[in-house]
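As structure tokens, the structure follows; a few thoughts come after it.
Lettering of chains follows the sequences in order, A, B, ..., and the numbering in each one begins at 1.
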2 protein chains.
Amino acid sequence: MKYSKQRDLILSIVRNTTIHPSAEWVYEQAKKEMPSIGIATVYRNLNALVGSGEIERITAAGHVDRFDGQVSEHCHMQCVRCGKLIDLYPDSEENMERLRELICETFGVEDKNVRISRTLLRGVCNKCIDSEN
Amino acid sequence: MKYSKQRDLILSIVRNTTIHPSAEWVYEQAKKEMPSIGIATVYRNLNALVGSGEIERITAAGHVDRFDGQVSEHCHMQCVRCGKLIDLYPDSEENMERLRELICETFGVEDKNVRISRTLLRGVCNKCIDSEN
DNA sequence: TTACCTGCAAACCGTTTGCCGGGAT
DNA sequence: ATCCCGGCAAACGGTTTGCAGGTAA
């Protein structure tokens, strides 16, 4: 892939936040540094970066796609009520391995078929549980 | 909710297939029985049925929303290469419970926050693994 | 030089909405 | 009689694409 100033900027924007930004948010940030940049360029490069594995796409019902530049193995949980995304970092590789084994056993799938990292789990955040009353 | 012939038809179509149909597919099927039905009606009723919990929506990156009329507790796995959706039925409630506990331990979340059912797991189907060579 | 890339605007496409007439209760 | 619901078509919103000019290799 040929170098471009734009892709470089977009990658650094996505890497330097933990808010799981949308394309629109990345575009707004990018314009601050490079006012002439177009939204199409942002989309094209986000797609390219997802394709090359440098960032991750998070797709969830009722929400625009979001992106994540954290490279370490982790998952997300989305609140089924308010849509908030929460990073879930595993406490140990051993537990990730146990999780993988248990998923295979429970659902009858083979180990080689499973990709645990980047799974979007479902849940309810504390704020939404509290406001249920 | 007021009864309607259209919603009844749409629900039975979604319930009587295991292919996880898209709105468009449901619309095509519905037209066979009720040629005057409109696509907006299909979308409105699919949304209503998801809202009332009678069917489930499956949202995955790069694909239109799909729907699932199976009421039993289960998950899905989507092939990250070809997008195919596979039903995952748990072998036992005990393992589902163990899974829940392990997820809480591994990611440091509380039991009350986790919804395992309907999680969309990530994986690679056998066909795609084979064609990797 | 020659691809590949960008910016712009228009197109795209799945989905939603406004309107008004019709059917359920 | 009421008012929710359906059909139609237009709007919507996020994303992609075609084009012509620019930039990295």
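- A continuous path of hydrophobic side-chain contacts links B:L9 to B:V14 [ILVMFWY only; heavy atoms under 4.5 Å].
- The side chain of A:A40 lies closest to D:dT17, out of C:dG7, D:dG7, D:dT17.
- Nearest to the side chain of B:A23, among C:dT15, C:dT6, C:dA24, sits C:dT15.
- A donor atom on one side chain and an acceptor atom on the other are found under 3.5 Å apart for A:N95 and B:E105.
- In summary, of the residues considered (B:D68, B:I10, B:V50, B:N45), a side chain to side chain contact (heavy atoms under 4.5 Å, CB included) with B:I55 occurs for B:V50 alone.
- Residue B:N47 places at least one side-chain N or O under 4.0 Å from the OP1 or OP2 atom of C:dT16.
- Ranked by how close their nearest DNA chain C nucleotide is to the 5' end, B:K5 and A:M1 are led by A:M1.
- In this model, a side-chain donor or acceptor of B:R44 finds a partner on the base of D:dG7 within 3.5 Å.
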Exercise for review: Could you give me the CA-CA distance, side-chain angles and deciding distance for B:K5 and B:E33, then say whether side chain to side chain contact (heavy atoms under 4.5 Å, CB included) is met?
Suggested key: CA-CA 11 Å; B:K5 218 169 289 196; B:E33 192 136 326; over 6 Å; no
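- Distance A:H63 NE2 to D:dG13 C1': 15 Å, rounded to the nearest Å.
- For the pair B:R100 and B:D111, the tightest heavy-atom approach, listed with the atom from each and the gap, is CD-OD1, 2.8 Å.
- Set against C:dT6, C:dA24, C:dC4, the side chain of A:K2 has C:dC4 as its closest nucleotide.
- At a threshold of 4.0 angstrom between heavy atoms, the contacts of A:I37 are confined to the sugar-phosphate backbone, with no base atom among them.
- Atom CG of A:N45 is separated from atom P of D:dT15 by 15 Å (rounded to the nearest Å).
- Looking at the side chain of A:M34, the nearest of the listed nucleotides C:dG7, D:dA25, D:dG6 is C:dG7.
- Counting to the nearest Å, the C1' atom of C:dG14 and the CD1 atom of B:I39 are 9 Å from each other.
- Nucleic acid contact for B:Y43: base, since at least one base atom lies under 4.0 Å from a heavy atom of the residue.
- Contact annotation for A:S36: backbone-only contact, meaning every heavy-atom pair under 4.0 Å involves sugar-phosphate atoms and none involves a base.
- Nearest nucleotide to the A:D65 side chain, out of D:dT15, D:dG7, C:dC5: D:dT15.
- Relative ring orientation between A:H76 and A:H20 is described as perpendicular, the plane-to-plane angle rising above 60° on a 0-90° scale split at 30° and 60°.
- Atom CH2 in B:W25 sits roughly 18 Å away from atom C1' in C:dG14 (whole-Å rounding).
- Atom CG in B:L9 sits roughly 15 Å away from atom C1' in D:dC5 (whole-Å rounding).
- Two residues, A:Y3 and B:S4, neighbour DNA chain D, and the one matched to the more 5' nucleotide by heavy-atom proximity is B:S4.
- The CG atom of A:L46 sits 15 Å away from the P atom of D:dG14 (whole-angstrom rounding).
- Side-chain nitrogen and oxygen atoms of A:Q6 include at least one within less than 4.0 Å of the OP1 or OP2 phosphate oxygen of C:dG7.
- Taking atom CZ on A:R7 and atom C1' on D:dT23, their separation rounds to 13 Å, with Å as the unit.
- Note: CZ (B:F67) to C1' (C:dG14) measures 11 Å, nearest angstrom.
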